[in-house]
Amino acid sequence: MLRDVTFGQYYNATSFVHKMDSRVKILLSVVYMVGVFFVHSYVGFAWLTCFLMIAIGASQVPLKSIFKSLRGILFLLLFSAVLNVFFVKEGTLLVEWWIFKIHDQGLIDAGKLMLRLTLLVCGASLLTLTTTPVDLTHAIERLLKPLSWIGIPVHIAALIMSLTLSFIPSIIEETDRIIRAQKARSADFDTGGLIKRAKAFVPILIPLIISSIRRAEELAFAMNSRCYEGSKKHTQMKVMRMGWRDLVGSLITVVFFAAIFTLYAFADNAWLGANLPWLLF
Amino acid sequence: MNVIEVQNASYEYKTYNDDGTTGTLVAVDDVSFEIKKGSFVALVGHNGSGKSTLAKMLNGLHKPKKGQVLVNGLSTAVQSNIFEIRKNVGMVFQNPDNQMVASIVEEDVAFGPENLAIPQPEIVQRVAWALEQVNMSQYAKRSPHKLSGGQKQRIAIAGALAIKPQVLVLDESTAMLDPQGRKEVLAVAKKLNADGMTVVLITHFMEEVLDADNVIVMKRGKIVAQGTPMEIFSQQSLVEDAFLRVPRTVELAQRLSQAGWSVDASCTDAKALGGQLCQLLQKN
Amino acid sequence: MSIVAKELTFVYNPNTPFAKKAVDSVSLTINDGEFVAIVGHTGSGKTTFLQHLNALIRVQSGQLYVNDIDVSAKKVDLKRLRGLVGMVFQYPEYQLFADTVEQDVAFGPKNLGVDKDEVEARVKNALTLVGMDYESCKNKSPFDLSGGEKRRVALAGVLAMRPKVLVLDEPTAGLDPEGKREILSLVKKLNVEQGITVIMVSHDMNEVYENVNRIIVFKDGKVLYDLPPQQLFEKEDEIEQMNLEVPFMAQFTNQLKRRGITLKGDVRTVDQVFEAVQALKEGDVC
């Protein structure tokens, strides 16, 4: 069964986070991500994790759904960690075996990298779990609006995103139909070498391209019939309003990240600094 | 009063031959007719008869190569008229999946009014009104692609209605639907017409044109007949020459009547026709 | 030699909250040379059932035999099965892909591993069967053909595999009355002259009524009725309740029957009904 792309991996709920303005959510996510790259100390990471946990708690999204998004990058996560463990040659040598040497700095870097990526992916998926792709498109269009003043066609870009979202389901269905039709003609997609397999996709790709062109033509007719004239002046039905939730959410974020940046600024001399050895483990 | 006048209009497509030369294919050939305000006009013809090309000439998607098409007196050949013309002639196409611009029903319906730069509060009103007209209000927040074909086409009709046109052109909008979906779309079209909307229905399902005020029959780019449904259907050979067929019930009624049975030759209800025949048989 | 399904059941997304029983213990037999229609609404399970016949969907539970092939077995000779059961999907012209008509029609037999000369003979034969002139169309691009021609070429692409069973999903969808008539008479010819078993899905009850010998009605994954057309549409109330249409000629003859007048013989087309009514008149005179 196909997933409904309109709702992407959206987790349907009516939580505090769901009800926030999607523009605010995007901006706060950007602040969060900058934070994730900024932080170097374990206190900092703890601070970010704490922030993320509060956000997840306020979103009513089960932790399981958040961690699901980590599965996709698990390999990347482990691979980069392993690289760090074996190739960082700083700090004290802990283990040496044949050509492998493990230094303590390698372990530290690997741990931090994994933490950083995990926090990043969890944060990003919280945004997409609480905001539909449609709302994201609207929000990005409004946020990028200033770019249209310097001649960048933001509205057209947003329209393309919206059209893509609405066409993906029918194109997936069409692909499925064509595959079945060619299979019924005994087409074989599963055996043979690379070239043979690549060739096997021609009977799928060509009908798909042709039907997409036909769709595009009909769509152009339909859009023109509904008075679409490119960049001409237009209005929007969808209203985005900020409410008290956005204010509260922003305030909490600001407080958290102000704390992190203060931490960073005093990192070299304050007692909470990142280079204090007891904070490393 | 005529809302649309087509005067000696022709349209041709460019064709590309295997040897690299180009040719022309005349799709609509010197066609003239009028559409009265508030009427229900059916445009019928075989596949490739030019009916769909002609439909697309009614709002300037195709511009006539010869002759002219006037909408409220404005010619579609003049580019500066096009916006005004499209505000007055709404159009719905064949494949419901290919005319959705948004993945939420109400946002799709709002597309037209947004392009007209209607103020936001009025767009909301228009969208609600349009969805109510096609009886799809409860689906406003849904994603259209999980709906049935008939429901999708009703949303497409709502999208056209939100522009508040005078004329609604259904360009083979029932061709890909199952009988249930066709019934739904046709019922909406008839209701809109009863409320004063001019409707132009392009189709090759002859059962759908039984209630039309005027039927225009096309064959190979030309109009071969025009008249009320019964005027058309009483000429069975003409209909079949145009690669179409008379609805089964009407055909039977006409043949029975010609054979001397005094049944209503323009009967469109098979059950009623059966009833009439029974009365005749049981009188004797 | 026939199609035998026993207690065939298929569930989409089994063991999840989205589990949906699409086919629910269907048992039926279709004999060689039959012309059967399968009707039912979207989601009635008819398409899922049919896709089992050439193993596009694998049997989950129950048994299915197509001739001597046990489709419910773990390993099925797919090539042999798909050569035996030709499946023509809705709007089959959308599957055309090759540079020329000839290459496109040859796709199926080539996949079956048929040798070159035999492929050519089959292509020629299949195109002729569907009423296309082989010499003039073989080197044309399939995309330059008219809508009706494209559909016939797509049908030829399946016929070139020499199937014994032909499954057609709404073969006349989108065609005008003339195009419908052409395709239906072609299918009938294949059934009568070539002895091919035809299973046709259609929403057009008038079309089904006039053409097939047996109608299987699917509802909620089950076979609700399995009857000859005239007997099926005598159940007017039940059919209407399912939101299916009663063919016009059946409405007419049913109305007569309710008033005690039974038309003799096979009265499904306008011609047949007209002749039968005329016979009544002569009967009266005599």
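Convention: sequence-line order gives letters A, B, ...; per-chain numbering from 1.
- Taken from CG in A/L165 to NE2 in B/H145, the straight-line distance is 11.5 Å, to the nearest 0.5 Å.
- The structure places CD1 of B/I82 at 9.0 Å from CD of A/E229, a figure rounded to the nearest 0.5 Å.
- The neighbour count for A/K25 NZ, taken as heavy atoms of other residues, nucleotides or ligands under 6.0 Å away, is above 12.
- Of all residues spanning residues 107-130 of chain B, those with a heavy atom less than 4.5 Å away from chain A's heavy atoms are B/E107, B/D108, B/V109, B/A110, B/F111, B/G112, B/P113, B/E114, B/N115, B/L116, B/A117, B/I118, B/Q120, B/I123, B/V124, B/V127, arranged by number.
- Atom-to-atom distance recorded for A/S166:OG and B/I104:CD1 is 10.5 Å, nearest 0.5 angstrom.
- Contacts between B/N59 and chain A at a heavy-atom distance below 4.5 Å involve the side chain alone, from C-beta outward.
- Against chain A, no residue from residues 195-203 of chain B qualifies, as none has a non-hydrogen atom under 4.5 angstrom away.
- A distance-only check finds no donor-acceptor pair linking the side chain of B/S103 to the backbone of A/S162 [under 3.5 Å].
- Listed by sequence position, the residues of residues 63-80 of chain B in contact with chain A number zero, using a 4.5 angstrom heavy-atom cutoff.
- Within residues 215-224 of chain A, the residues having any heavy atom under 4.5 Å from a heavy atom of chain B are, by residue number, A/R215, A/E218, A/L219, A/F221, A/A222, A/M223, A/N224.
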CA sep, side-chain torsions, deciding dist, call: B/N98, A/F167, side-chain contact (heavy atoms from CB on, under 4.5 Å): CA-CA 8 Å; B/N98 294 355; A/F167 271 70; 4.3 Å; yes

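- The environment of NZ in B/K191 is crowded: more than 12 heavy-atom neighbours from other residues, nucleotides or ligands sit within 6.0 Å.
- Heavy atoms closer than 4.5 Å to chain B are found in the side chain of A/S170, but not in its backbone.
- Counting only heavy atoms from C-beta outward, the side chains of B/I163 and A/C227 approach each other to under 4.5 Å.
- Within a 6.0 Å radius of CG in A/L74, more than 12 heavy atoms belonging to other residues, nucleotides or ligands are found.
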